[in-house]
Each structure stands twice: as C-alpha cells, then as structure tokens.
Amino acid sequence: MTGTPDETPTNTFAPGGRRRHRKARVSHIGARRALVLAMAVPVASATLAGTSAFAADDGAPQARGVSVDDLAADDAQLVKNLDERLADARLGTDVSGVVLDADSDTALWDHNGSTALMPASNAKLVTATTALTLLGANHEFTTKVVYGEGTLTLVGGGDRTLTSEDVAELARTAADGLRAAGRTDVQVRVDDSLFADPSLAEGWNEGYYPTEVAPVRSLVVDGAAVQDTSIDAGKVFAKKLAAEGVTVTGEVARATAKQSDVPVAQHKSAPLSEVVKKMLKTSDNNIAETLLRMTAVELGEPGTFEAGTALVRQVLSSYGISLDNFEMHDGSGLSRADRIPAATLAQLLDAITESPALGSILEGLPVAGEAGASLGPEWGRFDDPNSQCAVGKVQAKTGTLTGAVALSGVTRTDDGDWRIFSFIENNSTAAPSDIKDALDGLAATVNGCWA
C-alpha cells in the first residue's frame, strides 16, 4: 500500500452552549438550508474560484490576527510556546497551523495558515457539515424491497450502516408477502442506480480499496470490504430469504427497479446526526463517501463526487468560510489531491461551535484518551509526558495518510477560555507515531496544560 489511511463516551463539550453574545449568526442556519433547497442550484454552476450562489455571512469568522504585544500574558506565552515547539524536527518544514480565540474569532496564532496542504481525514469535518446543513440532523436513509414479475429487488438508499439483521427483517417481511400471495420462489436483483460512476475518486491509491474504502455504491451490508458491495448485499438478502423458506432461483444480479414494482418492505437508518457521530468517532471513510453522494442525491443532483463537492463549496461559502486554496475530490480525505488550509478548518470549526444544528459534529469528535475513538490510547494518542495533561481536555478530528498528518479541534483552558485549533503537516520524514506525538503536544499547548 502506498498510503496509510486514517485511524479508524460522554462528550464534555456541549454544543451550542459555548457563547451567548453571538447567537444572531445561529439563526441564519435554517434560512440558509431552506435557500439551498429552494434554489436547487445546478452543480454545473459552481465555480472553481470559490464563488457561490449564497452570500457570505458577515458574522462568519474572519481570523483577524493581532500583535503579540496586544495579547494577554497567557496568550502571549501560548504564542511563544507554539513558535518554539513548531521547530520540532518531527514536524519537518511543511507544516501549518491556526489557533483562534473562540469568543472573539481572533487568530491568536497563524503559521502558514492559508497554505494548501493534504488534510487527510480532517476533510470529514467538511463532509459532515455539508450533509447536516442541507439534509438536517433527523434525515434518514431508506433501503427498500420491491416486487414485480417474480422478482424481489433490493433497492439501495445510501445507508452505509445497514446490517445483516436489518436485511433479515426485510427478508421476513418480503417472505410473508410472498406466502400471502401463494408464491414460494423468486429471483433476487439489486438496484444501486442511485449513485453514478465513477465509484473511485481522483487521488485514491489502488492500495486503499476495498479494505480502507470500498468502491462507492448505494447498497452495502455490514460495511463489507469488498469490490462489489451491492452484489454482496443481494447475496445476503437471498440467504435471509432462503432462511425464511423462500426458494431463490438463479444468480443475484443488477437491475433497475420499475415504477410498476410494488413496495413490500423498507428499513430506515438511524438519524443523520447519529450516522455523523459514528463516522467521526472512528473516522469511517465509507460513511463519509456515502454521505457526500447522498447529500447531492437528496437535493436532486447526480450521485457523483463532483456533485457532492460542488455542494460542499456552496455550503462553506454560505457560512462565510474561505475557499482560498481549497480543493476537494472526495468525502473522506483519502484523496491525495485534496487540499484544505488550516485556516479554513479553523473557521469551519468556529461555525460548527456556533450552530446547534451542527451539534452532532462536536458530539462525534473524539476526546483525547477516549477508548474506541481515533484519539484513544490504542492509537498511541496523548500518551507522552508532554500531552498526557490534555487527556479529556481536547476534542479533535484526526487525519493520517502517508505524508500527511492533521489534527483539528477545540479545547477549553483552565481559565474557561475556548480555543479552536488546526494543525496540518505534510512530507515529514519522521515516523507517523512521532508526528502524531508532536501534534498532540501542540494541542496540549493550546489547552495550556503543557506550559
């Protein structure tokens, strides 16, 4: 493999409750989403220059820098410490970072913050924000079974969390209907036409799939790491039907469901908010790619990478977030062609912390030292003398590819001040574990516990 994919509790960072004096911007979120849905802007109209059909929000973070001389003593010490620790040889020379004071949206520290770098899985923050903004936290994805002319067709609806137990329930309901109609045999087909080709993104290395990310299709069961998740799902469905006493004739194959087919069963996913939290906790590449496409599909656009990333640009612009040096080709950040500056990620996190509608992103961000999440001890995070002090105090999205490590999140100092940070390094020759230790140390510095 030529690239190392991203690492796969009670949340102490309450969404929507951080600041009181800038609530006016939150009220714009629902109107923004309604505007997007009403306009149904053609994807072709999105431009590479970062323009959008939506006016930038004047209240969005502008990352205004300040002179060190104007900073309070503790913030001036923070800047001094970051400058010194950025010289860590493990980070190399291709590193950027931004730290915002969350209350004033002031950039306390900015080192090459607008530089275009590979963000790795920090791109999932963008995907989650786009999906929640346009679809809403309560949105569900529906998998259906339809019947026609002796055939049951399993129709994919973009539910990347569908399990074999869910499919078994679909099979039971379908089998009951067949028996009621006096039929004991049936053919099985799968319809994954919701997503268009290509199923592989620009910038994905061949070694990534199907183990780290499967070719993107709208039908999958148990997160199967296989080349054709749709046919695999159809085989699971056929097996469950057989367990119900239904004879399945012939091989499972693809077919597009007809309008005349009769719906016989359906399964709805958990709400989008729960799907987003699962994606972020474990840095699930496949969920991210499905969410990118489903966001486009639900807005009447083609189920493609291009349609999804065009909506990403429009949503970021609607929050007033800079698209300078921004380039995104997938939803997971696995693409080695992706470029997102640290300044953009910091501004995005500021918007996320302002909006209750995006609260599930904060709830989904791993907490330093949290078992089972990508900042947990099993990944060797926040476990050295310089960063252990930040266990339980930092909440952030990880990102790791060969040649790219990123960490972006939020923390609260002992004085009660909220800080937003984003650190990205590319091309260091140090071991990935050493680079992560260095970035964890920077996050601990932002928290103030490593002074």
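Remember, predicted model here, so these are calculated numbers, not experimental data.
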S.K.: Pair up each side-chain donor or acceptor in residues 267-274 with any protein partner under 3.5 Å, not counting sequence neighbours, and list the distances.
M.R.:
residue, atom, partner, partner atom, Å
His267, NE2, Asp166, OD2, 3.4
Lys268, NZ, Thr142, OG1, 3.0
Ser269, OG, Phe141, N, 2.9
Glu274, OE2, Lys277, NZ, 2.9

S.K.: Does Arg381 come within less than 4.0 Å of Asp440, counting only side-chain N to carboxylate O?
M.R.: yes

S.K.: In chain order, what residues pass the side-chain contact (heavy atoms from CB on, under 4.5 Å) check against Asp94, with sequence neighbours excluded?
M.R.: Leu117, Asn426, Asn427

S.K.: Do we see a donor-acceptor contact under 3.5 Å between the side chains of Ser355 and Tyr319?
M.R.: no

S.K.: Do the side-chain N and O atoms of Lys436 and Ser433 include a donor-acceptor pair separated by under 3.5 angstrom?
M.R.: no

S.K.: Using the test side-chain contact (heavy atoms from CB on, under 4.5 Å), find all partners of Ala443 that sit at least two apart in sequence or belong to another chain.
M.R.: Phe382, Val394, Leu407, Phe421

S.K.: Once side-chain contact (heavy atoms from CB on, under 4.5 Å) is applied, do any residues pair with Ala181, and if so which ones, sequence neighbours excluded?
M.R.: none

S.K.: What verdict does the side-chain hydrogen bond (donor to acceptor under 3.5 Å, both in side chains) test give for Asn447 and Thr411, after you've listed the backbone C-alpha separation in whole Å, the side-chain angles of each residue and the deciding distance to 0.1 Å?
M.R.: CA-CA 6 Å; Asn447 173 262; Thr411 186; 2.9 Å; yes

S.K.: Does either side chain, that of Asp384 or that of Ser387, offer a donor lying less than 3.5 Å from an acceptor on the other one?
M.R.: yes

S.K.: When you compare the side chain of Leu152 with that of Phe237, does any pair of heavy atoms fall below 4.5 Å?
M.R.: yes

S.K.: Write out all pairs satisfying ring pair (Phe, Tyr, Trp, His ring centres under 6.0 Å) with one or both partners inside residues 156-207, taking only residues at least two apart or from two chains.
M.R.: Trp204-Phe305

S.K.: Using 4.0 Å as the upper bound for N to carboxylate O, is an ion pair formed by Asp192 and Arg254?
M.R.: yes

S.K.: Under a 4.0 Å threshold between the charged nitrogen and the carboxylate oxygen, would Arg183 count as salt-bridged to Asp185?
M.R.: yes

S.K.: Consider only side-chain N and O atoms of Thr282 and Asp284, and report whether a donor and an acceptor are under 3.5 Å apart.
M.R.: no

S.K.: Listing request: all side chain to side chain donor-acceptor pair (under 3.5 Å) pairs with a residue in residues 233-242, at least two apart in sequence or in separate chains.
M.R.: none

S.K.: Could you check whether atom CD of Glu149 has more than 12 heavy atoms from other residues, nucleotides or ligands sitting under 6.0 Å from it?
M.R.: no

S.K.: May I ask you to check whether over 12 heavy atoms, not counting those of Glu251, lie within 6.0 Å of atom CD?
M.R.: no

